[in-house]
Structures are given as structure tokens and as C-alpha cells.
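Count residues from 1 along the sequence. Atoms considered below: every heavy atom in the structure, side chains included; atoms not considered: hydrogens, waters and symmetry mates.
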Amino acid sequence: DSIGGPFPASSHRCHHKQKHCLPITHCGALSISPLLFHPHAKGSQIIMDTAQKAVKRQASFCNAITFSNRPIVIYEQVRLKITKKQCCWSGALRLGFTSKDPSRINPDTLPKYACPDLVSQSGFWAKALPEEFANEGNIIAFWVDKKGRVFYRVNDSAAMLFFSGVRITEPLWALIDVYGLTRGVQLLDSEIIPPDCLRPRSFTAIRRPSLRRETEDTRLSVSLCDLNLQEENFHVLATMCPIPQNSLNSQHSHLFPSQLESDLRFHQLRGAHIKILDDQTVARLEHAREERTLVFTSRPLRINETIFVKINKSNASRSGTLSYGVTSCDPSTLRPSDLPYNPESLVDRKEFWAVCRILVPLQSGDILGFMVNSEGELHLSHNGASAGMQVCVDCSQPLWMFFGLHGAVMQIRVLGSTILAERLGPSTPSSPTSAPNSPTGLCSGVSDPILSTCGSGLLCSSINGTAPNSPVSMPESPISPSGSGVWGDECTICYENMVDTVIYSCGHMCLCYPCGLKLKKMANACCPICRRAIKDIIKTYRST
């Protein structure tokens, strides 16, 4: 039996344009007041505007449960506009209803999550909105019918069954959990749509590109047309929200600060075989031969700004990994044809270019952090573990970051950035906490919580680092092992040429420039004096 009785045989006034059904301000003798957010019953991370129409989660990914200020009525569509999206989390809005009066709920007793915490309690019903529908600007409407079934629609799509089993014998308040990807929502005017205006489009009509689902998606959404063909014993497990999303977000939460800026995007300039998606936050490899795959940030980096990038998709069967670097070249001045097949050839250009490559295999879900401090040191973190300083760059001019997708790395997403207090100073080789013969002692001075754990010194390889004339502040040179405090004039390798080269980052000055170049090219190159890993060599000039 269909919703609200049989469909009219000759008239389909609402067949294709539900939005032409005008809002109804009365349901029988009941006067409907504007639907607002409840001013007091809300999660600890919720910030609400004075009009009670818009809410925003100020930090984290959870503790953002909200309710409506009054009970809703049957067929009243609760309409929300997604105003803010934060891509570093998993999961999206949780929507539903409760028979518990929010005025009698102590905000301090609200759990972190609507699913599964609230829905495991009597009188609460909710389910997660599919992530692909949780984009900024989308308008979500959801409502309950006289049989306790909850439906939703996205923008002008057909209505789809969300879940069932809601008790309609009691007053019901709307429940909205601003979770995960969804950072902010705004309540729009609710509408009470009569059942005869809910005749949906066919099931195939809603599968437009903007609402396309992945074939492996097992979540259940049913067209109302299909629903009308089912028997009354059709059931959907309403409260089965995927707990792993909460666990995944909890694991990732320690990798991010409480606030992430979301103004960073990928630049429109990109390699011919890269496609930019999702409001220029995702870069995807579009060509199997990985020919031109460079992508740039939309703006220069800021000093002490940590940029977080997530490996969205990887293919372990392919060889190769991610290249990255910084450049003083404004991408707006380049053409796609200027971008080479091999990122390493960029260093031949007149601008400053520093190119690195990550040596360890990267997997889907891995999160990388990149930060340039005031000393020009580019630091890297991998899933919260620091790999230390990777290359020294010229930070006296604006620097854009770039990435090259190779091999296993098929898709990356820029999650956002944050600027921390300058606690990441230059490497201090004379620090007692740095073991002179340890290749990972480079990051021992790192005190930032995001880059706090020293990782493997083999995580990255500097392909082309600082140019010899780059203006970099060098640490004070340590004394030689002999304790004389005076450097000899002869190169410690060839004993023929004069010493004219300083080793970065240990600061020892014991080589001639030709020997320094040869030494740097060797595998696992290290300083002849302290055995610390060589990041770069810099030629010096003595005054006469």
C-alpha cells in the first residue's frame, strides 16, 4: 500500500518537481512555529549563532550533537544546508529523531557520538548520511511518515528510505550530530509536504552524476517507488552506524591540532595527467604511464605552517612513490607544457627548486605533514612520526609546495594547515641529546607534538636540495675531535685542495668542494668527522 493511499491515475502534479509543493503552515489545527536549534541541549564543541539557525563544530570530530527546539510533526521536512566541510575526518552528518525532550537533557551527559552511543538508548533513532552527499552547499531534508519510516533527499533528488522503526506515538524532536566531515550546518525553513506530493521520480532518475554511488557501497537507500512494491515486513536496520569511523577518527585526532585552516587548495595549474577534484582539494592520477603528474599548492607556504596531506588511494602492485618539494616559482606564471616528465629536471630552471622523494611505501590513509621553519628547514612527518629535516630551502622568498604522483600513489588530498608557535628551531648538532653517530639525531631537537617522534632517517631522500648560494643560517661549527679548535687548510679526503666547503647540517668544514660533491653522491653519505648524515654541502668563499 502506497504512502497516503493510491497514487492518482491521471494527475501527476508533483511527479517531477516536489519543490512546487508549497510549504504548509498548519497541520490541522496545529500552528507550526519556526524550527530552530535547541539553545541548551548541545555538545561541548558546538557554537551556535544568536538566531539559533546555524551551528558549527569548533574542534575535533565529535561532541557535536544538537536537537530541534520543538517537536516536529509527521511529514515535516527538516531542511539543512551544509555550510562547512572539513576533509581530514571520516563519516558525516548523523540525522534522526528522539522522543526525549531536549529541555530535560543535561548537556554534560551527552555522549561523543550519536551513533552508536545515543541510538543504543531507548527513544533515540539516527543514522549516518552517506559521505558523498556531505558536500558544502548541499541541502539535506529528512522527515518521518505515519508508519515511523524516515526518508531523506539531497537537493532535488528523489526521496530515499533512510531507516524505520521510529515510535510516532510520542512527540519527536529532530536529532542532528555535526560529525566528522561535516563542520557546520544551517537550518532552513521546514516544510510539511502532504503524502500526495511525495510521489518520487523513478529509481534510475536519481542516479545522476552528482549523486552517483560507488559500486561497492553496501549502504541501503531505497526509492519510494520501490518501497511501495514491498510488503509491510520490509525492514532496515536503522541504528547500525559504522563504529570504525569513530575509531579511525580517534586514531587520527592526535595527528591534528584542534584547529585546521581550510584555505589551502591545489593550484589550477597541474600536469596534463592529473585531475583536480572536490573543490581543488584532491589530486588524482589519470594516466597509467604517469607522465606529467605535478600539482602545486594554491598559495605560498607560511613560515612554521604545517601542511597535512593524506594518501587517498594507493596501489601496492605499482612501483614508485611520492615526490615533493618547494619552489620560488609562482605556478601562475607557468604553462602545463612547462611541467616536465621528471620533477628532478626542475632544478635546471632559473628559479629556486628543491625536490625530494619519499622512499618508504605509502598506503591509503597515510597522513604526511610538511613544515618549513624560519631557518629554512623543511621537516616531514609520517602518521605523526617525525622524519626530521629533509632539505634546507631558501625561505627568504615566497615558496609554493608541489607534489609528483608516481607509482603506487594514485590520489592525494590536502587536508588543511596550521601555524604553530616557533618551536621547531634549526637542528642543533652540539645538543647533548643528539647522538653524533646517529642518522636520526637530526630531529632530536623537535619538540612539536605533531613532529615529536623521531622516525627513520631513510624515510626521504633529497634529490636536489639547497643550491650552494642559498642564504641559509648555519649552526655554529663544532670543534674538531682533536680539540684544537682550529681547522686545517687541507681537505680531509684528498689532502691536496684547500678546505672551502661546509657540511649541512653538522656544520663541519673539512672538505674541498669537488670532494664534497663526490661524497654527497655516495649512498649513505656522512660527515668524515662526526659520521652524521649529509643533507647538503655549501661552498664558502674566504675574504682576502
Side-chain angles (χ1 to χ4, degrees), residues 17-25 32-39 41-43 45-59 61-62 64-70 72-73 75-89 91-97 102 114 126-144 150-160 162 173-193 197-198 200 206 208-212 221 262-263 265 278-281 416:
K17 296 183 178 180
Q18 296 105 318
K19 61 182 179 181
H20 289 172
C21 297
L22 298 178
I24 298 176
T25 56
I32 302 299
S33 61
L35 192 67
L36 307 174
F37 285 106
H38 196 282
K42 60 183 188 294
Q45 294 295 336
I46 284 293
I47 299 176
M48 187 180 300
D49 68 348
T50 55
Q52 298 174 227
K53 297 286 285 185
V55 294
K56 179 181 177 181
R57 189 183 71 245
Q58 59 181 335
F61 63 94
C62 55
I65 296 173
T66 64
F67 302 92
S68 62
N69 68 325
R70 63 163 175 82
I72 54 93
V73 298
Y75 295 110
E76 179 181 6
Q77 296 194 7
V78 181
R79 299 173 63 243
L80 298 167
K81 181 177 182 179
I82 298 177
T83 58
K84 188 74 173 177
K85 180 180 178 181
Q86 189 172 24
C87 296
C88 59
W89 306 116
L93 269 176
R94 277 75 164 112
L95 304 173
F97 298 97
K127 191 176 179 182
L129 181 74
E131 289 184 21
E132 61 264 35
F133 297 159
N135 294 323
E136 285 187 16
N138 277 357
I139 296 177
I140 314 297
F142 67 101
W143 66 96
V144 63
V150 177
F151 301 88
Y152 77 102
R153 68 158 54 96
V154 182
N155 300 324
D156 292 329
S157 72
M160 291 174 281
F162 205 15
W173 287 261
L175 186 161
I176 302 161
D177 186 2
V178 188
Y179 177 88
L181 293 170
T182 309
R183 181 103 183 256
V185 296
Q186 177 185 357
L187 270 176
L188 306 179
D189 293 337
S190 63
E191 298 178 354
I192 304 176
I193 306 299
C197 283
L198 287 176
I206 68 168
R208 60 186 68 185
S210 62
L211 297 179
R212 187 171 62 249
S221 291
S262 58
D263 65 321
R265 299 286 191 274
D278 201 0
D279 195 23
Q280 295 181 239
T281 62

Arg70 pairs by side-chain contact (heavy atoms from CB on, under 4.5 Å) with which of Ser33, Pro34, Pro102?
Ser33

How far apart are the closest heavy atoms of Gln52 and Pro39, and which atoms are they?
NE2-CD, 3.6 Å

With side chains defined as the heavy atoms from C-beta onward, is the minimum distance between Val55 and Lys42 less than 4.5 Å?
no

Is there a donor-acceptor pair closer than 3.5 Å between any side-chain N or O of Lys127 and the backbone N or O of Phe162?
yes

Can you check whether Phe151 reaches Phe142 side chain to side chain, under 4.5 Å on heavy atoms?
no

Can a donor-acceptor pair be found, under 3.5 Å and without considering hydrogens, that links the side chain of Arg79 to the backbone of Asp189?
yes

Side-chain contact test, heavy atoms from C-beta onward, threshold under 4.5 Å: evaluate it for Leu187 versus Val78 and give yes or no.
yes

Within-4.5 Å side-chain heavy-atom neighbours: Lys85 and Asp278
yes

Under 3.5 Å, is there a donor-acceptor pair between the side chain of Arg183 and the main chain of Phe61?
no

pair Tyr152-Leu95: side-chain heavy atoms closer than 4.5 Å:
no

Please list, chain by chain and in numerical order, all residues satisfying salt bridge (Lys or Arg N to Asp or Glu O under 4.0 Å) with Lys84, sequence neighbours excluded.
none

Would the number of heavy atoms belonging to other residues, nucleotides or ligands and lying under 6.0 Å from NZ of Lys53 be above 12?
yes

Using 0.5 Å steps for rounding, measure from the CD atom of Gln77 to the CG atom of Leu188.
11.5 Å

When rounded to the nearest 0.5 angstrom, what is the spacing between CD1 in Ile72 and CH2 in Trp173?
10.0 Å

For Leu35 and Asn69, what are the C-alpha separation, side-chain angles and deciding distance, and is it a side chain to side chain contact (heavy atoms under 4.5 Å, CB included)?
CA-CA 7 Å; Leu35 192 67; Asn69 68 325; 4.1 Å; yes

Answer yes or no: is there a side-chain heavy-atom contact under 4.5 Å between Asn135 and Ile82?
no

Heavy-atom pair of closest approach, residues Leu175 and Ala114
CD2-CB, 4.0 Å

State which residues pass ring-ring contact (aromatic ring centres under 6.0 Å, His included) with Phe37; sequence neighbours excluded, sorted by chain then number.
none

Between Ile139 and Val154, is there a side-chain heavy-atom distance shorter than 4.5 Å?
no

Distance-only, no hydrogens or angles: does the Arg57 side chain make a donor-acceptor pair with backbone N or O of Thr182 under 3.5 Å?
yes

Tell me the closest heavy-atom pair linking His38 and Ser68, and the distance in Å.
CB-O, 3.7 Å

From CG (Leu80) to CD1 (Ile176), nearest 0.5 Å:
4.5 Å

Please check if the side chain of Thr83 supplies one atom and the backbone of Gln186 the other of a donor-acceptor pair under 3.5 Å.
no

Would you say Arg94's side chain and Ala92's backbone share a donor-acceptor pair under 3.5 angstrom?
yes

Would you compute the distance between atom OG1 of Thr66 and atom CG of Leu36 and round it to the nearest 0.5 angstrom?
12.0 Å

How far apart are the closest heavy atoms of Trp143 and Ala159, and which atoms are they?
CH2-CB, 3.6 Å

